[in-house]
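All remarks here apply to the structure that follows.
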Amino acid sequence: MNETVVLKNLHIKDGKNTLVSNTSLTIEKGDIYGLVGESGSGKTLTAKAIINLLPEGLKFTADEINVAGKNILKASQNEVTMYIGKNAGYIPQNTVFFLHPMIKIKNQIADGYVHHMKRSKAEGLKISLQLLDMVGFENPESILNFYPWQLSGGMRQRVNIAMALMNNPAFIIADEPTTALDSTVQKQVMELFKKINGDTGISILLISHDLSLIKHYCLKIGVMYAGQIVESGYSKDIFENPKHPYTQLLIKMMPTMNIKKNEPIPEIKGFVPEKGRDSQGCLFKERCPFAMDVCGISVKEHNDSGHYYRCNLY
Amino acid sequence: MLKYVLNRVKSSLVILLVVSMITFFVLMIIPGNPAQLILGTDATAEAIEDLRIAMGLDRPYYQQYLGWLLDLLKFDLGTSYIYGEAVTSLIIRAIPVTFSIAVFAMLIATITALFFGILSAVKKDSIIDYFSRSIMQLGTAIPSFWIGMVFIVYFGLRLKWFPISGFVPISSSFAGFLKSIALPAIVLAIGETGTLLRIVRSSMLDSLKQDYMDAARIKGLNKWKIYMKYALRGALIAPVTIIGMQFAKLAGGTVVVETIFALPGIGRLVLTAVERRDIVLLQGLVMFITTTVIFITLMVDLLIMTINPRIKSVERGE
């Protein structure tokens, strides 16, 4: 068993409106898998479906959602809650209210540990001290006595990471973990993920809209567009030989240091479609420079030894 | 914290001073001669004038006010014309009646509102939510004098479970005390529950949407632990504020309910003082009610600070 996460054929609907369709991904043990795409492309929803955290009102179907060796679709709701609580962690984009603002850190960080490991709170705090030390706090004891709003965004994110690691999970989701942080802190936090991944072998699903970040830290990536993964595979293959026109455009548009003053910033014209995401055709058709008539009807799927893409050009 | 309390006490004293001026002078303007009221219509003009002078009512207003204010500092609110008794002792006697009803009413209202408010937020759009929403509507819509009379007729006269009027002090019989305040407390509680329930429900709904709920859910904690520890904690501020305001309102006397159940509380004193133009009593009552409200508000603010420590640091100017 080498996969930490296997997701097959995920569909998420909000009433009649399809938000995510035909999405499959596999995260190998010890990998950092990058999920990249524009806002509204369904990255977060896909991640939340894996850990049973979809907002109320959304319905999903999937052929398989396997987390750390267990197909959670076959378990009862209570079992899933327990299982995910023990085996998965989640690190949010917005750190402001993820930790409860009215509760001291020491009174919330060890909750999950105490619940799942059936240990005392004192033991939980001992573990959290170790983890706070690991995520780079020089004085973990004092952190425990703070309220979350007394910490900076970067510090809160470190606490979130420590909290996600409390039960020694097999898998954590980092949902745009550095978007709300300034760029120096961004690098520290990303290096921390890399270190944790190297030290513990934990699998990480890294969600980001920042291609350069994904390129730098992820072995494998999936490119999402309008609720579908349009291309996935080894990061190296995708960046060197992008197949899908969307991926090609995204890579072309990565900002570089030598943009000249007054030179317009390149963009992909148009918007991510909100409706018609259940179409059998290609969802990128409206914005694609190579669109053909057939793209509106159906789309070919390819798999060149692990490099997956869906496009009629090939 | 202490500094904050002292500041609040200082500003409260200013408020009280302003209120005392307003009450005193407004009541002075009201037509009607207290001396005449005391002696009745048969009294001779001379007798009335003598009494007026004896009462010091011939002095200029500002002198009367200063005299009254100095007495106030000694906790002497003067003597009621109609009862011929010190206003302070009248109020002290009425306090246990009004306060016990207010406390019990708020206890009932708080427990009911928390129970149904939390349930209906957690199980939004379920039967229990519709039920709670009906309680909200009914509680606010039914007038308390009507429900009071229905209770008297049904529980008092027909079933004879409760006395229909009067107050039994806690010192003479605890069971009797509970019985005597049960109906008025419930009637008041019905009126307050609707508003409070609405606030609890909407704050809970808001709290349930916050990011910290995701954090609690991903930990895989027990559902009710999540609701009680995380969601409720985040939802408490508005309800606590409202409870404080409602309690302050009830503690200042509830004219209608005290009248229906013939309870000798603050509300009845106010009514009598107004009806019979007992200006000294009325002034004393206004000062008492204002102080009570200010005190309760201060307590609520301190309580909110402990619930949301962030406010504390803002107040300290951090």
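Within every chain, numbering begins at 1; the chains are lettered A, B, ... in the order of the sequence lines, protein sequences first and strands thereafter. Given the structure is predicted, the values throughout are model-derived calculations rather than measurements.
- Between chain B and the residues A:His100, A:Met82, A:Met102, the largest count of heavy-atom pairs under 4.5 Å involves A:His100.
- Remark: side-chain polar atoms of A:His116 are paired, donor with acceptor, to backbone N or O of B:Lys219 under 3.5 angstrom.
- Around atom CD of A:Glu274, no more than 12 heavy atoms belonging to other residues, nucleotides or ligands sit under 6.0 Å away.
- Within 6.0 Å of atom OH in A:Tyr83, more than 12 heavy atoms from other residues, nucleotides or ligands are found, so the atom counts as buried in its surroundings.
- For chain A, no part of B:Lys209 is nearby; none of its heavy atoms comes within less than 4.5 Å.
- Proximity of B:Tyr212 to A:Pro148: side-chain heavy atoms (C-beta onward) are nowhere separated by under 4.5 Å.
- Heavy-atom proximity under 4.5 angstrom to chain A picks out nothing from residues 189-202 of chain B.
- The greatest number of non-hydrogen atom pairs below 4.5 Å with chain B, out of A:Pro169, A:Gly89, A:Ala164, A:Gly112, is found for A:Gly112.
- Between chain B and the residues A:Ile103, A:Leu99, A:Ile84, the largest count of heavy-atom pairs under 4.5 Å involves A:Ile103.
- Of the atoms belonging to A:Met166, not a single heavy atom falls under 4.5 Å from chain B.
- Here the side chains of B:Asp214 and A:Lys48 are in contact, with some heavy-atom distance below 4.5 Å.
- Heavy-atom contacts from other residues, nucleotides or ligands closer than 6.0 Å to NZ of A:Lys118 number more than 12.
- By the 6.0 Å contact criterion, NZ on B:Lys229 is enclosed, its count of non-hydrogen atoms from other residues, nucleotides or ligands being greater than 12.
- You'll find the side chain of B:Leu221 reaches within 4.5 Å of the side chain of A:Asp111, heavy atoms only.
- In this structure, A:Asn78 CG and B:Asn222 CG are separated by 8.5 Å, a value rounded to the nearest 0.5 Å.
- For B:Lys123, the NZ atom counts as loosely surrounded, since its 6.0 Å shell holds 12 or fewer non-hydrogen atoms of other residues, nucleotides or ligands.
- Within a 6.0 Å radius of CD1 in B:Ile127, no more than 12 heavy atoms belonging to other residues, nucleotides or ligands are found.
- Proximity of A:Gln108 to B:Tyr230: side-chain heavy atoms (C-beta onward) are separated by under 4.5 Å at one or more points.
- Interface with chain A: from residues 232-251 of chain B, residues B:Arg233, B:Gly234, B:Ile237 qualify, criterion being any non-hydrogen pair under 4.5 Å.
- Counting all heavy atoms, side chain and backbone alike, A:Tyr90 lies closest to B:Ile218 at CB-CG1, 3.8 Å.
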